[in-house]
Amino acid sequence: MKQYAYYPGCSLESLAKDYQLSALEVSRALGLEMREIEDWNCCGATAYFPVDELLAYTLVARNLAIAEKTGLTDFVAPCSACFKNAYYTNAYLKKDPDLADHVNFALEEDNLHIAGIMNVRHLIEVILEDVGLEEIRKRIAHPLKGLRIAPYYGCQILRPRKDHEEVENPRYFEDLLSAIGAEPLEYASKTRCCGASLIITNRKAALEMVRILLKEAIDRGADVIATTCPMCNVNLQVYQSQVNREFGTEYSIPVMYFTQLMGMALGIASHRLGVAREPVPKAREAVTA
Amino acid sequence: MTAELSFSNEIINMMYATHGNPISLCLQCGTCSGTCPAVEFMDHTPRAIIGMIRENLKEEVLASNTYWTCASCYHCTVRCPAGIDIADMMYVLKRYSIWKRSYKEGLIGPDFAEAFVKMVVNSGKSYEPILATTYLPRFTAAQLVQEALTATGLVLKGKMPLLPKKIRRLKNFQRMVKRIIPLGEAS
Ligand code: SF4
Ligand code: SF4
């Protein structure tokens, strides 16, 4: 079993417990051992950067430094915002020795030191690259036949661009959904922002952004929207009722983590994926059919 | 009298650490504004804000809600033909306005950002219900009812933990933060 330094992030301990459950179940089923790093702290999501840039880097660097101590090579985050923060902090510190010195000076207080040697990856990337579509296909017990899924990538997993990869029309999420037997839809809004923390700081703007995403998914006949990030998942799911109230719509579409869908296809019991709590009759039908 | 740095140079200096090109290269093409999913809620488009910075319109920029309406989605950044990291510039403007303690009245963003940092400095972790205290007082009665329904739903679904978590080496952690910003100044 390949081992990974796993950083769940704060959402997976609270609002996104279902993501935590399903991420760990699916990883185990696929032979990926996620070892949670010890005593990690909040990475700041999008909220530290407005206040102090150096502090923002230091808080993220502490987690990376703890991961470096494990001797493992890969730092894995299931949350897109955590992933983006860790990826760029790691890259910037490696590029900028002066910045690294400042950060390491602060890290001394916790007997830590960052060298910038971790390979920072999002969970979906690990599943796609280290397991691969072919192997996933082989392990599918209950293909999600006929389940129409809108693959929602969101922002932070794609942007800013890391290398020269495709950020306008990525396809890997669709490929993964096909591999588990589902029907991925062409979803033009798939990389459009869900509003992120504007849901708190500018509710009106965020609800409009969520409305656009829900509308397209529903217009295209999606049974479910699949996400790779707790922030997107909460905005799209929890705030549906507020969208309906604000715009007089009657949207009601389940929103699930890609790991919950994968888990169902792998034959893992839904309560172990945190699915029992979600209104997903269509997804269950697909599995039991 | 010492020559004061112009507002546009201040912002350009603060953007030195970001990873895109300087805003002096902006073509004013409007791609960023056309891309932005939040533009209709902004007082000025991203393109206009850049123009205003270059014109040194400091007061107008500080009075604008534009950067506090930015969701940090980086869509503008990946599309800008001049290679400017507009999303990072929005962060710079947020920092500048917090630093100057000058922002448009009624915005939740500045309080939220500071409350978030304070919360993390206190516990090492983030926890939604604590953050709620920064925005709930600004809600209308109808919004509060909606929020209560949403929150109750979350508790019923077992999604909301009852108590905030803390990291174990909190003392070390707080000393670490102190080496960056003297505690108290961040709050
Ligand atoms: S897209 Fe770039 S060049 Fe065009 S207006 Fe925006 S910042 Fe300027
Ligand atoms: S990063 Fe901000 S300014 Fe740029 S497109 Fe997204 S919301 Fe608009």
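Just so it is clear: chains get the letters A, B, ... in the order the sequence lines come, proteins before strands, and each one is counted from 1.
In this structure, A:Glu165 places its CD atom where more than 12 heavy-atom neighbours from other residues, nucleotides or ligands lie under 6.0 Å away. Heavy atoms of other residues, nucleotides or ligands lying less than 6.0 angstrom from NZ of A:Lys215 number 12 at most. Atom CD of B:Gln28 is surrounded by more than 12 heavy atoms from other residues, nucleotides or ligands within 6.0 Å.
Scanning both residues, B:Val120 and A:Cys42, for their nearest heavy atoms gives CG2-SG, 3.8 Å. When all heavy atoms of A:Met209 and B:Ala71 are compared, the closest pair comes out as CE-CB, 4.3 Å. When all heavy atoms of A:Trp40 and B:Lys125 are compared, the closest pair comes out as O-CE, 3.3 Å.
Counting only heavy atoms from C-beta outward, the side chains of A:Asp52 and B:Val117 never approach each other to under 4.5 Å. Contact annotation: the side chain of A:Leu55 approaches that of B:Val177 to within less than 4.5 Å [non-hydrogen atoms, C-beta and beyond]. Between B:Arg169 and A:Ile66 there is a side-chain heavy-atom pair separated by less than 4.5 Å. For the pair A:Arg161 and B:Tyr74, the minimum side-chain heavy-atom distance is 4.5 Å or more.
Looking at A:Asp39, its side chain does come within 3.5 Å of a backbone N or O of B:Arg168 through a donor-acceptor pair.
Atoms CZ and CG, from A:Arg62 and B:Asn172 in turn, are 8.0 Å apart once rounded to the nearest 0.5 Å. A distance of 9.5 Å separates NE2 in B:His75 from CZ in A:Arg192, rounded to the nearest 0.5 Å. Atoms CZ and CG, from B:Phe173 and A:Asn41 in turn, are 4.5 Å apart once rounded to the nearest 0.5 Å. How far CE of B:Met119 is from SG of A:Cys10: 7.5 Å, rounded to the nearest 0.5 Å. To the nearest 0.5 angstrom, B:Phe112 atom CZ is 4.0 Å from A:Ile200 atom CD1. From B:Ile180, atom CD1 reaches atom CG of A:Leu54 across 4.0 Å, with rounding to the nearest 0.5 Å.
With respect to chain B, the highest number of heavy-atom pairs below 4.5 Å among A:Glu208, A:Glu168, A:Lys95 belongs to A:Glu168. Among the candidates A:Gly154, A:Pro160, A:Gly9, A:Cys194, the residue making the largest number of heavy-atom pairs closer than 4.5 Å to chain B is A:Pro160. Heavy-atom pairs under 4.5 Å with chain A peak, among B:Arg79, B:Glu40, B:Met42, at B:Arg79.
When each of B:Cys76, B:Cys73, B:Ser72 is paired with A:Arg159, the side-chain contact (heavy atoms from CB on, under 4.5 Å) condition holds for B:Cys73 and for no other.
Using a 4.5 Å cut-off between heavy atoms, A:Asp110 touches chain B through backbone and side chain atoms alike. For A:Leu198, the part lying near chain B is the side chain, with the backbone staying farther off; criterion is any non-hydrogen pair under 4.5 Å.
The residues A:Glu108 and B:Arg179 are annotated as salt-bridged, a charged nitrogen and a carboxylate oxygen being separated by less than 4.0 angstrom.
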